[in-house]
Structure formats: structure tokens, C-alpha cells
Amino acid sequence: MHVPPTHHPHHTPPTAPRRHRRTRALGFAALAVSLLMAFPTAQSAFGEEAEAVAGGGDLGPNVLVFDPSTPDIQGKVDEIFTKQESNQFGSDRYALMFKPGTYNDINAQIGFYTSIAGLGLNPDDTTFNGDVTVDAGWFDGNATQNFWRSAENLALNPVSGTNRWAVSQAAPFRRMHVKGGLNLAPDGYGWASGGYIADSKIDGQVGPYSQQQWYTRDSSIGSWGNGVWNMTFSGVEGAPAQSFPEPPYTTLETTPVSREKPFLYLDGDAYKVFVPAKRTNARGTTWAGGTPQGESIPLDQFYVVKPGASAETINAAVDQGLHLLFTPGVYHVDQPIEIDRANTVALGLGLATIIPDNGVTAIKVGDVDGVKLAGLLVDAGPVNSETLVEVGPDGASADHSTNPTSLQDVFVRIGGAGPGKATTSIVVNSDDAIIDHTWVWRADHGEGVGWETNRADYGVHVKGDDVLATGLFVEHFNKYDVQWSGENGKTIFFQNEKAYDAPNQAAVQNGDTKGYAAYKVDDSVTTHEGWGMGSYCYFNVDPTIRQQHGFQAPVKPGVKFHDLLVVSLGGKGQYEHVINDTGSPTSGDTTVPSQVVSFP
């Protein structure tokens, strides 16, 4: 998201029961896994034994591991920040990992493609007497392009009593303990368009100030300071009461289903990946009571993927029974990474980036239980891919309700770093999947940007039943940003901008309808529900463009929306309604949101 400062309206802070399944999965996948795990070699097409892919090993040069005795920690962290502060479309990737212990007088400023994390099993195992900071000095105090970075699994005692985390999309703040306040705005209270917090405890107040929207899940906060357009909470202790639209708080007591992101940690001197257990009706952090529920997997059960690795080798590792740990880097694949084994973990460090070559799909997940994709950026290549990420094959129908597949911090980019094209970015065919924090972005700035140059018609298409999205950010697609065809879907928090660069009304005309909805539920769907959802327009090429609505859905008793809004940024374009033909239009050159509290 990038809203030019002259058009930004905020310069100072304002104060169903489960349906019957089509079919049930057979248990053959588990048997296949046990058989594969028993053999150290893989069979070639001609019956010859291929050399097995080794598990474990070092984490490569771009994972920097510190302990409290490491000399000049501040200098090394500053060196990485200097390289990455404004390196928005570069190829460098870094993970800064801190062993359990106490670190004094640290201010870790976090730039692009940089992740910082503690290596304890509990955030309080790794404590900074200092800060983990994101600010916007590189962009003249505007934080609306502070993307692609993360902080995880640390405890902070901020020097001033308040830590600054001024970010926008694709910048998760997970499993953090801030022993003070958290400021989500840049110095000077410039513009920001974040953001996401999960499984974290902020002892003091969270101050959004100029943040346009924010989603907080399964956490604990001392208090919340204000709201601009859309502040959504689910399962958050200390969250403000439901009050949308004034102030614009959407608050759910619990999150229906959640499973926290896997993370790397140290058990003594041994690296392991902890995979948190699924929770239902979750509230508060997973670690408040001490050791979280879940499974630890030793690093030697992972293929530690390093730049230069081929898709063929990655797939051989999965076939062998190994999980995947992508070290920081950029990976070109000439065939899809195929994960067709239940419970496989594919975890990226330092915004590990996968680029599909020659129009292939980057990642394909089978119709199996419990796959975890996390911490990955998929960057479209110059040859059009029909899809970039597929969860389950078309027609998938197995029941995964007890052990769903999850996508967490899986980001997609079309253009920006260079020309890229994809017809549909993410397709979810599998039932019960969890999409937990994704930013799916057709670039509006950078290299390779233009209405046809980075053509991408659809962002996310959900075909599976009983799919839950928590923290869905999808922006700028040529047609539908989100299309939902599966039954009993749920979305908690949605943030969208329609494509800025539409050349004229005809380019976005959808039959008799003006423009494509940001979020469309198919007419065939009988049950769907959404909470805290916003769409914004900024048609800077042709400000006369009109959108019939931001949202489109069938009028049925089982289709319900709570707390919707549409916004015209600076009067560049206009929505005539919020959902279908319901809701008043955005007016003139104002940026005041038009809200409809519920639908139907």
C-alpha cells in the first residue's frame, strides 16, 4: 500500500454447525509416510537408488546467531539495518537469531527482508533491555511502505517504556512480550497502513495513532489507544469492547480455530522446530501458562534449504520424509515444490523468497492433513503463472477438521521487484484450511508495474469448505481481489485496495456491474461470515471511475457480514455502495468511510 501523503486523511492521532462432508479421507497417506520414512534412499524412475538428501546442517551465512557474550552485537545489527533500511526490492535476506539470555542496551532497527527472533521456547527466555524498532526516516516519516520484516519470540524492556513498531503490510509481530507500551506509528505520527499481532503480550498500551487498520489475534494487552478506520480483535484479553463504527472496533471474544506459526528454537545446543498445537475458541497467548502445547521436531528431520537448491532436490527431500527449512535467500524453481505428505512443515527464515520460472506454480500442497507453510514470500516471474500457491488439488474433498493445513505469513507479490504475472495468486481447494496473515499484493510501485505489465486478475480464490482466514490483506488485482466459492467460510479482518492504475471505467467493467468487488462470495454459497472488513479505492489514473460496491454476496440467511466499510482516498474514484446495493456512497473528495454495520 502506498497512499501519497497529500491524500492521506490522518495526520494526527484520533482518539454454524458443521455441514455434512462430501467424502472422507482414507488413511493411506499415513501409511505412505511410514513406508517412506523407513528407507534412506529414493527410487528413480528406472528403479535405481538415488542418493538420499541429508537432513540438518548449518543455517548458512545469512542467519546470524548471537548470544549475550557476542562482541559488538549493536554494530552488527546496525550494519544489517544500514543495508536493508531502504532496500525495498533487493535480493538480500537476513535472520537475526538470539540465544536465550539477557541482552543489554540493544536497539535493533529492522529493515526490509529482516527477521529478528529469540531462540527460546518461551519469549521470556530471551530478553532485551532495549528495543526492536521500525521507523520511517528512510521515507520521510511515511510508514506505508514498511513491508516484509518480522519480530518473534522476544521479551522487550523498552528504554523509553514504549517500543516503536511502525509498519504496514507483511510485517508480523508474533509471540512477543513487550514489558511496556507499543507505538504503531512512525516518529512524528506520519502515515501507516499495518498490521498484525498474534500470540503476544503487551503489558502497557498499544497506541495505533495514525494506523489505518490493524488486526490482533489471541493476545493480551494492557489497553488500546485509538482507532482510525478498522481495528479488529479476536481472542484478545484487554481488547476494547465492540463499538464499530465509532470507534471502529470489531471485537470477538475468541478465535474459532487457530494454530500458531512454527518457530526455530534451541533445546540446549540442539536446534529444533516447535510446531504449536491447534486451538479452538482460543483466547490469550499460548505461552502464558509456561510450556506451550505442541510438538518439537529436531533439525535433522529438516532439509535445510540454501540458495541454489533445485525444486527437484527439495521435492526429493519431502518424498524422503523430511520437512523443509528455507534459509534466507531467493530461490528459483523450474517445477512446483510439491508437498503431498501429511504434517510436513515448510518454514522460511528471513522472508525466504520463491520465484517460479517459466510460468510454473511455485508451491502445491496435496489434499492431506496438517501441512504448515510459514514465513515465505512468493514472487511471480515474468512468464504468467496460472497459480502461484495451490492448497489441495482442484476438487479436493477430504475432511481435515481435526488437523487442518495452515498458511502463516505466506506473502505473494506480483511486480515491484521486476515484471511478474499470475492469473490467480493463491487457490485454496482443501477443506478446513487456515489462512493466518497473508499479504497478496499486485504491486502499485517499483519496477515492472503497469495495468498489463504485472497483470494479475485474481488474488485469493477459496474453493474449499470450512476455510478460515484470520488477517487477510489482498490488494490491487485487475479483477476480484478475493473470490469465495466454498461453503461455511469465515474471514476475521480483511484489508483491501482496488487497483490504482485502472486506465478507465471500461477496463474494470464487469458486465452490467461497475467494477469488480474486492471480496465476492459466489451466488451458490449458502453460509459465509465476515467481521471487520474494509476496501479502499484510489483511482489516480482516472478519478472518475466508479465501483458499484466493495463487497458482493448472495442475500441468504446464512451469509452474514459484520462491520464493513469502504473509503475513497482523496476522492480518487467512488464506491456507490458498500455491499451489493446496500450502504451509502463515498462522497466527493472526502476520506470519511461509509459503513454498513451488518448484512443482511
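Along the sequence shown, residues carry numbers from 1. Side-chain atoms are counted along with the backbone in the values below, which use heavy atoms only and exclude waters and symmetry mates. Quantities reported herein were computed from a predicted structural model and do not represent experimental measurements.
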Between the side chains of [Y] and [X], is the shortest nitrogen-to-carboxylate-oxygen separation below 4.0 Å, so that they form an ion pair?
X      : Y      : answer
Asp124 : Lys201 : no
Arg442 : Glu497 : no
Asp436 : Arg174 : yes
Arg175 : Asp199 : yes

Non-hydrogen side-chain atoms of [X] and [Y] separated by less than 4.5 Å:
X      : Y      : answer
Tyr265 : Asp125 : no
Lys83  : Tyr94  : yes
Val257 : Lys278 : yes
Asp135 : Gln109 : no
Asn62  : Thr327 : no
Arg341 : Gln320 : no
Asp218 : Thr286 : no
Phe173 : Leu182 : yes

Test item: [X] side-chain N/O and [Y] main-chain N/O as donor-acceptor pair under 3.5 Å:
X      : Y      : answer
Gln211 : Leu184 : yes
Thr82  : Ile80  : no
Ser310 : Thr313 : yes
Thr216 : Ile197 : no
Asp131 : Val159 : yes
Thr285 : Ala288 : yes
Gln293 : Ala277 : no
Thr405 : Val371 : yes
Asp367 : Ala396 : no
Thr70  : Pro68  : no

If you look at every heavy atom in [X] and [Y], which pair is closest and at what distance?
X      : Y      : answer
Val132 : Ile110 : CG1-CG1, 3.7 Å
Pro393 : Asn429 : O-CB, 3.1 Å
Leu325 : Leu59  : CD2-CD2, 3.8 Å
Ser296 : Phe274 : OG-CD1, 3.4 Å
Ala456 : Phe477 : O-CD2, 3.2 Å
Ala166 : Ala185 : CB-C, 3.4 Å

Checking [Y] against [X]: is there a side-chain donor and acceptor pair closer than 3.5 Å?
X      : Y      : result
His476 : Asp481 : no
Thr353 : Asp379 : no
Asn343 : Asn403 : yes
Asn384 : Thr423 : yes
Glu475 : Trp439 : yes
Ser193 : Gln213 : yes
Thr387 : Thr361 : yes
Ser406 : Arg259 : yes

Using the salt bridge (Lys or Arg N to Asp or Glu O under 4.0 Å) rule, take Lys272 and Glu295 through it: C-alpha gap first, then chi angles, then the decisive distance, then the call.
CA-CA 10 Å; Lys272 295 181 178 179; Glu295 174 192 13; over 6 Å; no
Mind checking the [atom1]-[atom2] spacing from [X] to [Y]? Nearest 0.5 Å is all I need.
X      : Y      : atom1 : atom2 : answer
Ile363 : Ile354 : CD1   : CD1   : 4.0 Å
Asn183 : Trp165 : CG    : CH2   : 13.0 Å
Glu338 : Asn315 : CD    : CG    : 6.0 Å
Leu347 : Ile297 : CG    : CD1   : 10.0 Å
Tyr331 : Leu376 : OH    : CG    : 9.5 Å
Leu119 : Met97  : CG    : CE    : 4.5 Å

Would Trp441 and Val412 count as a side-chain contact (heavy atoms from CB on, under 4.5 Å) if you check the C-alpha gap in whole Å, the side-chain angles of each, and the deciding distance to 0.1 Å?
CA-CA 6 Å; Trp441 185 60; Val412 171; over 6 Å; no
Check against ring-ring contact (aromatic ring centres under 6.0 Å, His included), Phe128 and Phe98
CA-CA 10 Å; Phe128 280 16; Phe98 288 79; 4.9 Å; yes
Out of Trp138, Phe89, Phe81, which residue meets the ring pair (Phe, Tyr, Trp, His ring centres under 6.0 Å) rule with Phe112?
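For Phe112, the ring pair (Phe, Tyr, Trp, His ring centres under 6.0 Å) test succeeds with only one of Trp138, Phe89, Phe81, which is Trp138.
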Around atom [atom1] of [X], are there more than 12 heavy atoms of other residues, nucleotides or ligands at under 6.0 Å?
X      : atom1 : result
Asp72  : CG    : yes
Asn358 : CG    : no
Glu312 : CD    : no

Evaluate the criterion side-chain contact (heavy atoms from CB on, under 4.5 Å) for residue pair Trp287 and His177; output intermediate values, then yes/no.
CA-CA 10 Å; Trp287 47 272; His177 184 189; 3.7 Å; yes
List the steps, then state whether side-chain contact (heavy atoms from CB on, under 4.5 Å) holds for Thr102 with Asn129.
CA-CA 7 Å; Thr102 300; Asn129 290 318; 3.5 Å; yes
Test Met176 against Leu156 for side-chain contact (heavy atoms from CB on, under 4.5 Å), laying out the working first.
CA-CA 8 Å; Met176 296 286 286; Leu156 309 177; 3.9 Å; yes
Cation over ring face, Arg149 and Tyr113, 6.0 Å, 45°
no
Should the ring pair Tyr196 and His437 be called parallel, tilted or perpendicular, given that the plane angle runs from 0 to 90° and is split at 30 and 60?
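Parallel.
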